[in-house]
**Q** 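Before we start, here is the structure in question, set down as structure tokens.
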Amino acid sequence: MEVVVKTSHATELQIPMAEVDLEEWIFSLSDEDYQAASPQHRAAGVTRSNGARGTINVESIGGTLIVQHYREIAADARGFELLSERSRAYLFHLIPARAEVRWMMAAEPDPNGASLLRCTVELNLSPLLKVLSATIATPFFIRRHVRGETLGFARDIERKYASRQAAPH
């Protein structure tokens, strides 16, 4: 498979770096919170198979329904990397195709004292799917989607942080 699209977007998190825990966040992300982060998100769930953590995510991006079966490659408080080697993309929600998707998220220090949240997605397709994806503007839709979901994920992380701060100690 060949890398067809690699896109990244960063947004500010109004949380001190010491308070960011992306490992906890990703492996406790509810279906409801996932769907709230982007209008293209359809469903999500956290999985564990043979001791390995992962997530299943369903998205509809630019007319393509994508079902990702991510497994954890690495995760800690500052970031994670998940790989879905057997994602199923349904072009026009009808034509099934196999894809590989790598999803990385990292928290980075911001010079203003807050944090930056960076979300990166790599989409790997076969040569035939690469040609087809160009005709339906897949790179454009993936870039637009990553920008939007990064903002939605940042707001979710901030909301959960504010909720923890407001809880009685």
**Q** To the nearest 0.5 Å, tell me how far R102 CZ sits from I73 CD1.
**A** 6.0 Å

**Q** Less than 4.5 Å apart, any side-chain heavy atom of C119 and any of M105?
**A**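 Side-chain contact under 4.5 Å: yes.
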
**Q** In Å, rounded to the nearest 0.5 Å, how long is the span from CD1 of I142 to OG1 of T7?
**A** 9.0 Å

**Q** Look up atom OG in S8 and atom CE in M104, then write down how far apart they are to the nearest 0.5 Å.
**A**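 Between S8 OG and M104 CE, I get 8.0 Å after rounding to 0.5 Å.
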
**Q** Hey, are the side chains of H145 and V121 touching, using non-hydrogen atoms and a 4.5 Å cut-off?
**A** no

**Q** Under a 3.5 Å distance rule, please check whether H41 uses its side chain to pair with a backbone N or O of Y34 as donor and acceptor.
**A** yes

**Q** We want to know whether Q68 and E59 form a side-chain donor-acceptor pair, criterion being a heavy-atom distance below 3.5 angstrom.
**A** yes

**Q** To the nearest 0.5 Å, tell me how far H69 NE2 sits from S84 OG.
**A**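 Taking NE2 in H69 and OG in S84, the distance rounds to 6.5 Å.
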
**Q** I'd like to know if the side chain of T150 reaches the main chain of V146, judged simply by a donor and an acceptor atom lying under 3.5 Å from each other, with no hydrogens or angles considered.
**A** yes

**Q** For residues R159 and D33, report the shortest heavy-atom separation together with the two atoms involved.
**A** NH2-OD1, 3.0 Å

**Q** E100 vs E122, test: side-chain contact (heavy atoms from CB on, under 4.5 Å). Steps then yes/no.
**A** CA-CA 8 Å; E100 180 181 278; E122 286 181 9; over 6 Å; no

**Q** Under 4.5 Å between any side-chain heavy atoms of E72 and L82, yes or no?
**A**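 They are in side-chain contact.
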
**Q** Is a donor from one side chain sitting under 3.5 angstrom from an acceptor on the other, for S38 and Q40?
**A**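 There is such a pair (donor and acceptor under 3.5 Å, judged by atom type) between the side chains of S38 and Q40.
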
**Q** Could you tell me if the side chain of I157 sits less than 4.5 Å from the side chain of I15, heavy atoms only?
**A**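 Yes, close enough: below the 4.5 Å cut-off.
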
**Q** Taking the side chain from D110 and the backbone from N112, do they hold a donor-acceptor pair closer than 3.5 Å?
**A**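 Here the side-chain-to-backbone pair exists.
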
**Q** Taking all atoms of both residues into account, what is the closest heavy-atom pair of A107 and M17, and its distance?
**A** O-CE, 3.7 Å

**Q** For the backbone of E85 and the side chain of R98, can you confirm whether one donor and one acceptor N or O come within less than 3.5 Å of each other?
**A**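 Between the backbone of E85 and the side chain of R98 there is a qualifying donor-acceptor contact (under 3.5 Å).
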
**Q** To the closest 0.5 Å, what do you measure between CD (Q14) and CG (L117)?
**A**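 Between atom CD of Q14 and atom CG of L117 there are 12.0 Å.
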
**Q** Indicate yes or no for a side-chain donor-acceptor contact from T55 to the backbone of Y70 under 3.5 Å, with no hydrogens or angles considered.
**A** no

**Q** Please give me the minimum heavy-atom distance between S115 and P16, naming the atom from each residue.
**A** OG-C, 3.6 Å

**Q** How about F153 and T11: do any of their side-chain heavy atoms sit closer than 4.5 Å?
**A**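 No. Closest side-chain heavy atoms not under 4.5 Å.
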
**Q** For R53 and A75, work out which heavy atoms get closest and say how close.
**A**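 Looking at all heavy atoms of both residues, the shortest contact is NH2-CB, 4.1 Å.
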
**Q** Would you say V20 and W25 make side-chain contact, with heavy atoms under 4.5 Å?
**A**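 Sidechains of W25 and V20: no contact.
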
**Q** Please identify which of these residues, N57, T120, L83, meets the side-chain contact (heavy atoms from CB on, under 4.5 Å) condition with W103.
**A**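 In the set N57, T120, L83, the residue that makes a side-chain contact (heavy atoms from CB on, under 4.5 Å) with W103 is N57.
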
**Q** L151, F141: one ILVMFWY side-chain cluster at the under-4.5 Å cut-off?
**A** no

**Q** Within this structure, what is the CD-CG distance for the pair E108 and L13, rounded to the nearest 0.5 Å?
**A**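 So the CD of E108 and the CG of L13 are separated by 10.5 Å.
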
**Q** Treating Ile, Leu, Val, Met, Phe, Trp and Tyr as nodes and any side-chain heavy-atom pair under 4.5 angstrom as an edge, say whether I26 and V46 lie in one connected cluster.
**A**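 The answer is yes; both residues are in one hydrophobic cluster.
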
**Q** Determine the minimum heavy-atom distance between D31 and A43, stating which atoms define it.
**A**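 So the two residues come closest at OD1-CA, 3.0 Å.
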
